[in-house]
Amino acid sequence: MAEAAHAPHHPTQKAYWQIFVLLAVITAVEVAIAYIDMPSWLFVGGLTVFMVMKFAIVVGYFMHLRYDINLHRGFFTFGVIGAIAVFVVLLATFRAL
Amino acid sequence: MTDVTASVDAPHDGVAHDADHHDVRPIRKAAMWVFLGSECMFFGAMISTFLLYRNTTGDGPTAELFNVPFTSASSFILLMSSLTMVLAHAAFERKDMRQARVWIGATALLGSVFLAGQIFEFTEFVHEGLTFTTSPFASSFYMLTGFHGAHVLVGVLMLSTMYVLSLNGRLYEDRGLNVELVGLYWHFVDIVWIVIFTVIYLMQV
């Protein structure tokens with residue numbers, strides 16, 4: 001675990017700004033989708049895809065998990081999978097899926 | 001992290017210390033990731049609860065009350081605070097303490113603006129008749145967004161403390177891990193909002 005404090009390659013400042021612009025554009029597209037009339041499966045599916053993209057970009061590049069050790073990735077991934085499991089089990093239990 | 005953090009928690013008087021032989025930095029960082037993983041499950045349960053009760057509004061207001069343009073602006077502010085936080089961390093790694101202080105201050109300010117927006121939004125909703133006890137929909141909404149707001153408040157307090165410490169020259173260059181851990185917490189608050197904004201606001205309108 002000693003390498004935990006020595007992540008090798010982080011993005012440059014310019015890259016951070018580019019990532020932010022990308023996140024802002026995705027957010028704008030999300031908001032635009034909310035006002036467009038479309039089938040519900042496409043509406044929910046599209047918003048979910050963009051949400052997952054933003055989530056992954058922030059975790060990977062701003063939280064540097066992309067450059068971190070496997071142990072930390074494992075801890076966080078376990079939490080995310082746990083959250084999805086809670087979501088599925090709870091809604092399935094009450095037949096809300 | 002670069003070698004900036006190599007002597008984190010080492011004494012500043014140059015005296016050898018047992019801590020040098022028992023480096024707790026990897027444990028602290030791993031503990032933060034474990035904490036954030038557990039927080040994912042916490043918010044996962046709360047978001048699921050909201051979705052379960054989203055249609056149980058009784059005679060009270062529904063999700064049509066949500067002001068998406070206003071919340072979009074709040075989301076943009078929180079997103080921007082993630083950028084300023086990562087720039088603060090990068091400046092700290094370069095040992096550019098002045099830049100780091102500027103970006104830490106900017107992050108705390110943006111977080112405060114987000115909180116002010118949330119207080120304004122809650123006040124508007126209460127005036128429209130959506131109180132905590134109006135319906136299961138209202139209770140689960142306030143619980144979820146309120147807990148997220150409490151997390152933002154904790155983050156703002158930590159950032160403000162770091163800002164004051166840096167003003168007093170007590171935010172040492174070799175304490176990079178502290179900045180990184182606060183940064184991880186702050187980005188986590190942002191990713192939770194990414195999910196809340198999409199699932200609670202955009203998908204319900």
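Here the structure is a predicted model, which means the values were calculated and not measured. Residue numbers start from 1 in every chain, and the chains themselves are labelled A, B, ... in the order their sequence lines are given, proteins ahead of strands.
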Begin with the C-alpha distance, continue with both residues' side-chain angles, and end with the deciding distance and a verdict on side-chain contact (heavy atoms from CB on, under 4.5 Å) for Leu65(A) and Trp33(B).
CA-CA 10 Å; Leu65(A) 197 60; Trp33(B) 279 111; 3.5 Å; yes

Are there over 12 heavy-atom neighbours, none belonging to Phe66(B), within less than 6.0 Å of that residue's CZ?
yes

For Trp103(B) and Trp17(A), take the angle between the two ring planes, folded into 0 to 90°, and tell me which bin it lands in: parallel under 30, tilted 30 to 60, perpendicular over 60.
perpendicular

Pairs of donor and acceptor atoms involving the side chains of residues 36-49 of chain B, under 3.5 Å and at least two apart or interchain, shall be tabulated with distances.
from     : atom 1 : to        : atom 2 : distance (Å)
Ser38(B) : OG     : Phe35(B)  : O      : 2.6
Glu39(B) : OE1    : His151(B) : NE2    : 2.4
Ser48(B) : OG     : Gly44(B)  : O      : 2.7
Thr49(B) : OG1    : Ala45(B)  : O      : 2.7

As a quick check of understanding, evaluate side-chain contact (heavy atoms from CB on, under 4.5 Å) for Met51(A) and Met203(B), giving each step before the final call.
CA-CA 11 Å; Met51(A) 178 187 76; Met203(B) 286 187 184; 5.6 Å; no

Let me confirm one number: the CZ-CD1 distance from Phe62(A) to Ile191(B), rounded to the nearest 0.5 Å.
12.5 Å

So do Thr84(B) and Phe20(A) actually touch side chain to side chain, heavy atoms under 4.5 Å?
no

Looking at Leu202(B), Leu184(B), Asn55(B), which has the largest count of heavy-atom pairs under 4.5 Å with chain A?
Leu202(B)

The criterion is side chain to side chain donor-acceptor pair (under 3.5 Å); which residues satisfy it with Asp59(B), sequence neighbours excluded?
none

If a pair satisfies side-chain hydrogen bond (donor to acceptor under 3.5 Å, both in side chains) and one of its residues is in residues 21-49 of chain A, list it, with sequence neighbours excluded.
Thr27(A)-Lys54(A), Glu30(A)-Lys54(A), Glu30(A)-Thr198(B)

Distance, nearest 0.5 Å, that separates CE of Met32(B) from CE of Met63(A):
8.5 Å

Heavy atoms under 4.5 Å from chain B: which residues of residues 76-84 of chain A carry them?
Phe76(A), Phe78(A), Gly79(A), Val80(A), Gly82(A), Ala83(A)

Non-hydrogen side-chain atoms of Val86(B) and Tyr61(A) separated by less than 4.5 Å:
no

Count the heavy atoms belonging to other residues, nucleotides or ligands that lie under 6.0 Å from CZ of Phe147(B), then report whether that count exceeds 12.
no

Honestly, the part of Phe43(A) sitting under 4.5 Å from a heavy atom of chain B is side chain

Leu23(A) side, atom CG; Ile194(B) side, atom CD1 - distance, nearest 0.5 Å
6.5 Å

Name the region of Met80(B), side chain, backbone, both or neither, that has any atom closer than 4.5 Å to a heavy atom of chain A.
both

